[in-house]
Amino acid sequence: MNIAGIYDESISNGLGWRFVIFVSGCPHHCPSCQNEKAQDFNYGSILDEENILNRINNNSIIKGVTFSGGEPLCEENVATVYDLLMKIKKMRPELNYWCYTGYTFEELLSRNDKITTSLLKEIDVLVDGRFILALKDEELYFKGSSNQRIIDLKKTFQENKIVELSF
Ligand code: SF4
């Protein structure tokens, strides 16, 4: 898997200061995508796991880690993202974990794929849905268009219904 970019500290990709990993490759091709280069699976550089783990381990400012893209949860990327997530969580269990995806939560569950479901159970917050230009709203926090949802995954699994967060 290639990495399109990294932010060591960001406050616009989830709540609080966060380390952000933008993976390369996305099958959705949303019109007016803000990260068009990252749609290419060959864009960026090959994942350097040790570098990412070291940077996160040595960062005392961050409160969480966000996976974005590109598409972290497409079939080509999901297993590598899950593996990386588990290594980061083992090292920094106190952090909270967000993931952006162009799929809806329902689409991901209906895959019936063990890795995808396991990953969803390890993530705290999922920002789901494709970017839809007609629904773009620059006033929204942490998402680009109003169809997208910020889902509290822990409560969603506990309560067996989708629990959204609003900011
Ligand atoms: S899901 Fe995200 S990265 Fe993929 S095309 Fe849509 S806006 Fe771009």
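In each ligand, atom 1 is the first atom listed, and ligand 1 is the first ligand listed. Quick note: numbers below take in every heavy atom, side chains included, and nothing from hydrogens, waters or symmetry partners.
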| query | Side chains of Asn59 and Glu9: donor-acceptor distance under 3.5 Å anywhere? | reply | yes

| Does any pair with a residue in residues 48-59 pass salt bridge (charged side-chain N to carboxylate O under 4.0 Å, His left out), and if so which ones, sequence neighbours excluded? |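 Non-adjacent pairs meeting salt bridge (charged side-chain N to carboxylate O under 4.0 Å, His left out): Asp8-Arg55, Glu49-Lys87.
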
| Quick one: salt bridge (charged side-chain N to carboxylate O under 4.0 Å, His left out) pairs with a partner in residues 139-149, sequence neighbours left out? |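 As it turns out, the salt bridge (charged side-chain N to carboxylate O under 4.0 Å, His left out) pairs with a partner in residues 139-149, which skip direct neighbours, are Glu106-Arg149, Asp128-Arg149.
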
| Got a donor-acceptor contact below 3.5 angstrom from the Asn58 side chain to the Asn54 backbone? |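 At least one qualifying donor-acceptor pair exists.
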
| Do the side chain of Glu159 and the main chain of Lys161 share a donor and acceptor less than 3.5 angstrom apart? | no

| Polar protein atoms (N, O or S) that approach atom 6 (Fe) of ligand 1 to under 2.8 Å |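 Per the 2.8 Å query on atom 6 (Fe) of ligand 1, atoms found are Cys30 SG.
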
| query | What residues form a side-chain hydrogen bond (donor to acceptor under 3.5 Å, both in side chains) with Glu122, not counting sequence neighbours? | reply |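 In terms of side-chain hydrogen bond (donor to acceptor under 3.5 Å, both in side chains), with neighbours along the sequence ignored, Glu122 is linked to Lys89.
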
| request: Starting from atom 2 (Fe) of ligand 1, locate the nearest protein heavy atom and write down its residue, its atom name and how far away it is, to 0.1 Å. | output: Gly70 O, 4.5 Å

